[in-house]
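The structure appears below as structure tokens.
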Amino acid sequence: MDVQKKTDGSVNIIGEVATDPVASWMIQSAQVASKFTLFTHHAKTFPDLVTALRNSMLRAGVFKDEKTAEEQVVQVLNFDIHLVKDFRGNRYIERVTECIPVEEKNEYTFDHRREKTLEGKMDKFMDNATVFFTKTTNRELFKHRNVMEYQDGRYVLTNPITDANIKAMRNNMDSSDLEGFDNFLDRNWGIKPSNGFEDDAVTINAQAEPKKRGRKPKLQ
């Protein structure tokens, strides 16, 4: 892993992230050692996956603060492909979940400067203090939503992929894959990316409803 971090590795595949040191190496490789990393984990839900990896980072001594560790974890988790095995022995993909990091916003104001009274200044100060303590104690670091789900024996597209991940995916496709992917986005979600690889202007049709995924009818 140390050698590969100094090379141009494309894909790292880690068979099972079951111990704290392996979790630490997985996070490092996903950040600097390759274009992307594949790994397996036995978390039951996506929040459980984030919590488990965060706790591994803390126990491994990589981070001391829970929020900082969790922030690093959600930065490398783009998609979670959750597989299940039912009681009949059938194995299938139950859902594909996208991780969406929540960007930090500066919500502080300087409205106290316009206040004439001490009471007014204290009210504005308390507003900023409330924002600060909310961010410190109850800050939301990520959102997650299912892109695809297995429902009643078929796969259903539920939510569109975010612009950032669409751009990253398009930048790593050749011409044939790019055309097929763009057609897929337009057909299912009304998303029309531009033809460029680098500066993609993605347009999303907010009225587009999720469509079910199925085989195309055969031509007679």
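Just so it is clear, the model here is predicted, and its values are computed rather than measured. Values below: all heavy atoms of this structure, side chains included; hydrogens, waters and symmetry mates excluded.
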Beyond-backbone contact of [X] with [Y], side-chain heavy atoms, under 4.5 angstrom:
X      : Y      : answer
Arg91  : Leu83  : no
Trp25  : Asn12  : no
Phe181 : Ile166 : yes
Phe184 : Leu157 : yes
Thr97  : Asn146 : yes

Consider only side-chain heavy atoms of I, L, V, M, F, W and Y, link residues closer than 4.5 Å, and tell whether [X] and [Y] are in one cluster.
X     : Y      : result
Val50 : Val102 : no
Phe36 : Val17  : no
Val73 : Ile14  : yes
Leu49 : Phe63  : yes

Could you go through residues 53-62 and list every donor-acceptor pair under 3.5 Å that involves a side-chain atom there, pairing it with any protein atom two or more places apart or in another chain?
| residue | atom | partner | partner atom | Å |
| --- | --- | --- | --- | --- |
| Arg54 | NH1 | Glu70 | OE1 | 3.2 |
| Asn55 | ND2 | Thr51 | O | 3.3 |
| Ser56 | OG | Asp20 | OD1 | 2.9 |
| Ser56 | OG | Ala52 | O | 3.1 |
| Arg59 | NE | Asp20 | OD1 | 3.4 |
| Arg59 | NE | Asp20 | OD2 | 2.9 |
| Arg59 | NH2 | Asp20 | OD1 | 3.1 |

Applying side chain to side chain contact (heavy atoms under 4.5 Å, CB included) between Asp174 and each of Asp177, Asn172, Leu178, report the one that passes.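 Of the listed residues Asp177, Asn172, Leu178, the side chain to side chain contact (heavy atoms under 4.5 Å, CB included) partner of Asp174 is Asp177.
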Atom [atom1] in [X], atom [atom2] in [Y]: separation rounded to 0.5 Å?
X      : Y      : atom1 : atom2 : answer
Leu77  : His41  : CG    : NE2   : 9.5 Å
Ile161 : Met169 : CD1   : CE    : 4.5 Å
Glu16  : Phe39  : CD    : CZ    : 9.5 Å
Met26  : Ile13  : CE    : CD1   : 14.0 Å
Arg95  : Tyr155 : CZ    : OH    : 12.5 Å
Gln75  : Ile27  : CD    : CD1   : 10.5 Å

According to salt bridge (charged side-chain N to carboxylate O under 4.0 Å, His left out), who are the partners of [X], at least two apart in sequence or on a separate chain?
X      : value
Lys143 : Glu140
Arg88  : none
Glu149 : none
Asp111 : Arg114

For Thr19, enumerate each residue passing the side-chain contact (heavy atoms from CB on, under 4.5 Å) test, keeping only those at least two apart in sequence or located in another chain.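 Checked Thr19 against side-chain contact (heavy atoms from CB on, under 4.5 Å); matches are Pro21, Val22.
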Hey, could you give me each pair passing ring-ring contact (aromatic ring centres under 6.0 Å, His included) that has a residue in residues 71-91? Not counting sequence neighbours.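 The answer is none; no pair qualifies.
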Who are the side-chain hydrogen bond (donor to acceptor under 3.5 Å, both in side chains) partners of Arg145, not counting sequence neighbours?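 Listed in chain order: nothing, the list is empty.
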Check side-chain hydrogen bond (donor to acceptor under 3.5 Å, both in side chains) between Asp86 and all other residues, then give those that pass, not counting sequence neighbours.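 By the side-chain hydrogen bond (donor to acceptor under 3.5 Å, both in side chains) rule, Asp86 matches Asn90.
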Within a reach of under 6.0 Å around CG of Leu38, are more than 12 heavy atoms found that belong to other residues, nucleotides or ligands?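 Yes.
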Listed by chain and number, what are the ring pair (Phe, Tyr, Trp, His ring centres under 6.0 Å) partners of Phe142, not counting sequence neighbours?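 Expected list: Phe46.
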Please tabulate, one pair per line, all N/O donor-acceptor pairs under 3.5 Å involving side-chain atoms of residues 115-126, not counting sequence neighbours.
| residue | atom | partner | partner atom | Å |
| --- | --- | --- | --- | --- |
| Thr117 | OG1 | Gly120 | N | 3.1 |
| Lys121 | NZ | His112 | O | 2.9 |
| Lys121 | NZ | Glu115 | O | 3.2 |

Quick check: closest heavy atoms across Pro193 and Leu185, and the distance to 0.1 Å?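 Nearest pair, atom of Pro193 first, then Leu185: CG-CD1, 3.7 Å.
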Identify the heavy atoms of Val74 and Pro101 that sit nearest to each other, and give their distance.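 What the structure gives for the nearest pair is O-CG, 3.7 Å.
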Between Gln31, Gln28, Lys67, which is the residue that forms a side chain to side chain donor-acceptor pair (under 3.5 Å) with Gln72?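 Running side chain to side chain donor-acceptor pair (under 3.5 Å) over Gln31, Gln28, Lys67 with Gln72 returns exactly one hit, Gln31.
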For side chain to side chain contact (heavy atoms under 4.5 Å, CB included), just list the numbers for Thr158 and Gln151, CA-CA rounded to whole Å, side-chain angles, deciding distance to a tenth of an Å, and then say yes or no. CA-CA 11 Å; Thr158 52; Gln151 300 177 4; 4.2 Å; yes
Please collect all salt bridge (Lys or Arg N to Asp or Glu O under 4.0 Å) contacts where either partner lies in residues 21-30, sequence neighbours excluded, each pair once.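 Every candidate salt bridge (Lys or Arg N to Asp or Glu O under 4.0 Å) pair involving residues 21-30 fails, so no pair, neighbours aside, qualifies.
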Say whether, by atom type as modelled, one donor and one acceptor occur between the side chain of Asn183 and the main chain of Glu179 under 3.5 angstrom.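 Yes; judged by distance alone, with no hydrogens or angles, the pair exists.
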